[in-house]
Amino acid sequence: MTIVPPADPALVAELVTGNRILYDQKIVDAFGHLSVRHDKDPTKYLMSRHLAPGLVTPDDLVTFDLDSVPVVDIGKRYYSERFIHGEIYKARPEVVAVVHCHAPQLIPFGATKVPLRPIYHMSGFLGAGVPIFEIRDTGGITDMLVRTPVLGRALAASLGDKPVILMRGHGATMVGNSIKHVVYRAVYAALNAALQMEALRLGEPMFLSEEEAVLAAQRNDNALDRAWNMWQREALGAN
Ligand code: MN
């Protein structure tokens, strides 16, 4: 039996809070998930069992290996799309946290040829380019869910070294170097999509240049706590 030391309680608390924030910010609804790489064993990650993100508590968290097999099977149902997380952690050693969501604002950009691009400084991270995952290329006709290791690997390959990938007819997945980082990216990717859609109604948007996007992203990566602390208050209430 594999022995995995317990994760830092602060990390566990942050993962629970991140789930609540993503729900409160309407990035996830009953569906979607957030995971974090284990702080004491990089070959493991933590994620809730099959549960709406707004309902996740510390007791619901499960440790998975990078094949997305639970280290200890708690005899409950797990997210069918957990392979998104495991295969990205395998392919991207620097990634610490992953969000998978179906945020409605992002769906049109995965279903058309209009690329999602940084329309303002808050989403400079999109300047790296946003690939689209076409599940048919690997799976043919499916139910659209990434619920096999093969599909998870194909998604990770399409993501490449980018921070965000759109999934045609399905949703999006984003990665970050912390829970706060990936939650920030999820919130602002969706806000960018809404703003870009508005701008497209007016005319041809002027996007951030590649250089502006890099500089803006660096600036915002140093202010993650400012957003997180407010979102946490909103999601959990004053305490
Ligand atoms: Mn999904």
Side-chain angles (χ1 to χ4, degrees), residues 15-16 18-37 45-56 60-62 64 66-70 76-92 95-112 116 126 130-160 162-176 179 182-194:
L15 182 54
V16 171
N19 272 274
R20 302 299 183 88
I21 289 173
L22 289 171
Y23 173 63
D24 193 56
Q25 294 294 317
K26 298 187 163 51
I27 299 305
V28 298
D29 48 20
F31 301 93
H33 13 88
L34 165 68
S35 70
V36 67
R37 200 188 286 270
Y45 70 95
L46 305 173
M47 188 164 66
S48 172
R49 66 182 174 88
H50 185 265
L51 199 63
L55 300 179
V56 170
D60 300 307
L61 301 181
V62 178
F64 296 92
L66 298 192
D67 290 327
S68 297
V69 176
K76 299 233 162 117
R77 189 172 171 187
Y78 307 111
Y79 292 135
S80 61
E81 293 196 283
R82 59 192 181 279
F83 306 102
I84 292 171
H85 302 259
E87 297 303 327
I88 288 175
Y89 289 125
K90 247 187 240 179
R92 296 274 299 269
V95 165
V96 176
V98 177
V99 167
H100 169 63
C101 67
H102 311 146
Q105 305 94 314
L106 292 168
I107 303 301
F109 293 93
T112 62
L116 185 67
L126 296 175
V130 183
I132 297 179
F133 178 58
E134 176 47 74
I135 195 168
R136 282 183 202 164
D137 291 347
T138 305
I141 300 304
T142 64
D143 60 11
M144 308 305 287
L145 300 186
V146 179
R147 54 186 177 74
T148 67
V150 168
L151 289 171
R153 277 196 284 281
L155 176 73
S158 298
L159 173 66
K162 303 292 192 284
V164 179
I165 186 166
L166 300 174
M167 302 153 77
R168 197 267 307 163
H170 179 175
T173 297
M174 40 290 280
V175 302
I179 292 173
V182 77
V183 166
Y184 174 93
R185 283 176 165 178
V187 170
Y188 281 102
L191 282 172
N192 189 95

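For ligands, and for the atoms within them, numbers begin at 1 and follow the listed sequence.
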Would you sort out whether Leu106 and Met174 count as a side-chain contact (heavy atoms from CB on, under 4.5 Å), showing the intermediate values?
-> CA-CA 12 Å; Leu106 292 168; Met174 40 290 280; 4.1 Å; yes

Under 3.5 Å, is there a donor-acceptor pair between the side chain of Arg49 and the main chain of Val62?
-> no

Report yes if the side chains of His85 and Phe64 come closer than 4.5 Å at any heavy-atom pair, otherwise no.
-> no

Any residue meeting salt bridge (charged side-chain N to carboxylate O under 4.0 Å, His left out) with Asp143, in chain and number order, not counting sequence neighbours = Arg147

Protein N, O or S atoms lying under 2.8 Å from the Mn ion (ligand 1), listed by chain and number | Glu81 OE1, His100 NE2, His102 NE2, His170 NE2

For Val28 and His100, run side-chain contact (heavy atoms from CB on, under 4.5 Å): C-alpha distance rounded to whole Å, both residues' side-chain angles, the deciding distance at 0.1 Å, then the answer.
-> CA-CA 8 Å; Val28 298; His100 169 63; over 6 Å; no

Test item: Glu81 side-chain N/O and Leu145 main-chain N/O as donor-acceptor pair under 3.5 Å | no

